Amino acid sequence: MGAQPPGGGSWALSAIGASASKLPTKSEQVLLCLISSGVAVSSPYLAQRSSGSWDGCVAQHPLDPGGCTLRWDSPLDNKGNWKQRGTFLASVLAGSGAGRGLDARVRGLLPDGADVYVVPVNPDSGSLTSSPEATGGSSRIRAYTACEGHLRGLQARDYGLYAPPLRWRMVVLVDVAAQWPTAPVGLSGFRISEADWLATATGRTVDGGSPDVLMVAPAGDSFSGVAFPAAFPQVLAVGGFDCEGSPLRSSYGIGAKQQPDILAPGKNIIVQDVRRDGSRTAATKAWEGSAAAAALVAGAAARLWSAFPGCSADQVRAALLSSRPQGAAQPARLNLAAAQKALAAQKC
């Protein structure tokens with residue numbers, strides 16, 4: 001596996017060039033919206049070191065249409081289910097990796113502060129309730145809307161405070177890998193499909209501004225093809241590779257996408273292990289899968305966007321994919337140096 005990179009962090013940070021990168025290690029007006037299970041924000045690994053914040057969708061809030069019934073700030077939901085995936089992903093995004101008695105390998109892409117907004121769902125279905133069969137509860141569109149509502153609220157709150165005004169932007173990490181698109185939402189005659197929602201949200205803003213939402217999702221680990229929502233063209237589909245550089249999956253079969261858009265480290269990723277009984281608060285474990293790789297891509301996107309705030313979501317996405325060999329029918333590989341060079345050349 002090799003030596004750990006200077007300053008902590010797992011092998012993954014070295015593999016993507018994050019350890020040597022001069023990019024910001026805290027997000028600057030880039031909201032990370034995490035659609036996953038609740039996060040153990042009290043974990044010592046998730047303590048915001050200098051800036052940043054943790055927040056989440058609740059049952060009743062003006063910026064979260066319909067609200068969220070599951071707990072966003074704990075792996076224990078309101079039905080007594082214990083789900084740690086949100087905490088694992090949060091470790092990859094913003095693990096501090098610093099402190100007495102802590103494992104330095106639990107160091108995320110944004111260890112010095114990230115603005116993370118958690119929309120708690122059942123990762124197996126994308127449902128905002130514990131019961132996927134509940135009316136409207138299984139639609140991922142509701143979760144997306146909660147993310148977008150919070151982003152627009154931040155933009156409205158800060159508009160005009162700066163000259164020129166800095167716009168909040170958003171990277172959405174969707175921790176759901178499903179075989180099919182989610183059900184449309186809305187009343188008869190006014191229903192919107194998942195594809196239509198994604199096309200609108202990732203397009204130009206209502207005031208004609210550049211796209212300000214980047215969607216990231218795991219390509220999946222069990223279905224024959226790339227899972228939804230990663231299979232949609234508007235979503236960056238992420239697969240994983242191991243510490244030897246070998247893809248975790250060699251084939252994704254047929255479908256809307258026959259392979260991920262980009263690969264990132266996805267095996268032996270060291271994350272916070274939250275014990276249900278509260279013991280060993282600094283415990284860790286090795287995790288693997290395309291969701292772990294997707295978290296690295298989302299964190300990398302936030303670092304890049306913080307350094308290049310004038311760039312659009314499309315430009316950040318293109319920069320992330322710039323490491324794909326020209327003419328090669330294979331996914332790009334996450335490389336922060338290559339992406340930074342691509343954005344610098346855009347002069348945005």
Side-chain angles (χ1 to χ4, degrees), residues 13 16 18 23-41 43 45-57 63-64 68 72-73 85-96 106-121 123 143-155 158 166-176 201-202 211-218 229 235-236 238 264 269 271-272 291-309 311 313 316-317 320 334 336 339:
L13 297 187
I16 65 174
L23 289 168
T25 52
K26 61 181 179 180
S27 60
E28 299 286 352
Q29 287 204 308
V30 177
L31 175 67
L32 278 159
C33 192
L34 174 58
I35 300 177
S36 184
S37 60
V39 173
V41 293
S43 160
Y45 288 106
L46 299 181
Q48 299 283 9
R49 291 170 60 182
S50 61
S51 65
S53 63
W54 294 99
D55 198 357
C57 180
L63 297 182
D64 305 319
C68 301
W72 72 267
D73 57 354
R85 290 179 64 93
T87 303
F88 295 164
L89 293 169
S91 300
V92 179
L93 291 172
S96 64
V106 187
R107 181 179 174 87
L109 268 293
L110 298 157
D112 291 314
D115 291 295
V116 184
Y117 187 72
V118 183
V119 177
V121 299
Y144 303 156
T145 303
C147 290
E148 187 181 30
H150 195 71
L151 170 67
R152 304 308 173 201
L154 290 173
Q155 290 174 335
D158 288 354
L166 298 176
R167 295 176 62 93
W168 278 88
R169 296 134 288 149
M170 179 170 69
V171 178
V172 182
L173 174 56
V174 190
D175 179 29
V176 178
T202 58
D212 57 3
V213 175
L214 179 65
M215 305 288 295
V216 179
V235 181
L236 199 57
V238 185
I269 307 300
V271 296
Q272 160 83 68
L296 285 166
V297 171
R303 283 184 69 167
L304 288 163
W305 225 345
S306 295
F308 297 91
C311 296
V316 173
R317 176 189 173 114
L320 290 167
L334 180 58
L336 271 178

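Keep in mind that the numbers below use all heavy atoms, side chains included, and drop hydrogens, waters and symmetry copies. Positions are given from 1 along the sequence. Just so we're clear, the structure is a prediction, and the values are computed from it rather than from any experiment.
- Closest approach of Tyr45 to Gln272, counting heavy atoms only: CD1-OE1, 2.7 Å.
- A donor-acceptor contact shorter than 3.5 Å links the side chain of Ser306 to the backbone of Glu28.
- A 4.5 Å side-chain heavy-atom check between Ile269 and Phe88 finds every atom pair outside the cut-off.
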task: Output, in order, the C-alpha distance, side-chain angles, deciding distance and verdict of side chain to side chain contact (heavy atoms under 4.5 Å, CB included) for Val92 and Leu296.
output: CA-CA 6 Å; Val92 179; Leu296 285 166; 3.7 Å; yes

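- Listed here is the closest heavy atom pair of Pro229 and Val176: CD-O, 3.4 Å.
- Looking at Trp54 and Leu46, their side chains come closer than 4.5 Å, going by heavy atoms from C-beta outward.
- Side-chain atoms of Leu336 and Leu23, non-hydrogen and from C-beta on, do get closer than 4.5 Å to each other.
- Pro120 is listed as a side-chain neighbour of Cys57, based on a closest heavy-atom distance under 4.5 Å.
- Within the 4.5 Å cutoff, side-chain heavy atoms of Thr202 are placed close to those of Met215.
- At a threshold of 4.5 Å between non-hydrogen side-chain atoms, the residues Leu304 and Leu320 count as touching.
- No option in Trp168, Tyr117, Tyr144 other than Tyr117 meets the ring-ring contact (aromatic ring centres under 6.0 Å, His included) test with His150.
- Between atom CD1 of residue Ile35 and atom CG of residue Leu89 there is a gap of 11.5 Å, rounded to the nearest 0.5 Å.
- The heavy-atom pair separating Asp175 from Ala291 by the smallest distance is OD1-CB, 3.7 Å.
- Pro218 has its side chain out of reach of Val238: every pair of non-hydrogen atoms, C-beta onward, lies at least 4.5 Å apart.
- Rounding to the nearest 0.5 angstrom, the gap separating the CG atom in Leu154 from the CZ atom in Arg169 is 11.5 Å.
- For the pair Leu110 and Pro24, the tightest heavy-atom approach, listed with the atom from each and the gap, is CD2-O, 4.4 Å.
- Considering Val216, Leu32, Val213 in turn, Val213 is the only one that fulfils the side-chain contact (heavy atoms from CB on, under 4.5 Å) rule with Val172.
- Atom SG of residue Cys33 and atom CG of residue Leu151 lie 9.0 Å apart, to the nearest 0.5 angstrom.
- Between Leu109 and Leu13 the shortest side-chain heavy-atom distance falls below 4.5 Å.
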message: Would Val30 and Asp115 count as a side chain to side chain contact (heavy atoms under 4.5 Å, CB included) here? Give the steps.
response: CA-CA 7 Å; Val30 177; Asp115 291 295; over 6 Å; no

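- Checked against salt bridge (Lys or Arg N to Asp or Glu O under 4.0 Å), Arg303 has no partners two or more places apart in sequence or in another chain.
- By the salt bridge (Lys or Arg N to Asp or Glu O under 4.0 Å) test, Asp212 pairs with Arg152, Arg167, sequence neighbours left out.
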- request: Give the C-alpha distance, both sets of side-chain angles, the deciding distance and a yes or no for side chain to side chain contact (heavy atoms under 4.5 Å, CB included) between Met170 and Leu214.
  value: CA-CA 6 Å; Met170 179 170 69; Leu214 179 65; over 6 Å; no

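- Nearest heavy atom pair, residue Ser37 against residue Val118, reads O-CG1, 4.2 Å.
- For the pair Ala146 and Val119, the tightest heavy-atom approach, listed with the atom from each and the gap, is CB-CG2, 3.9 Å.
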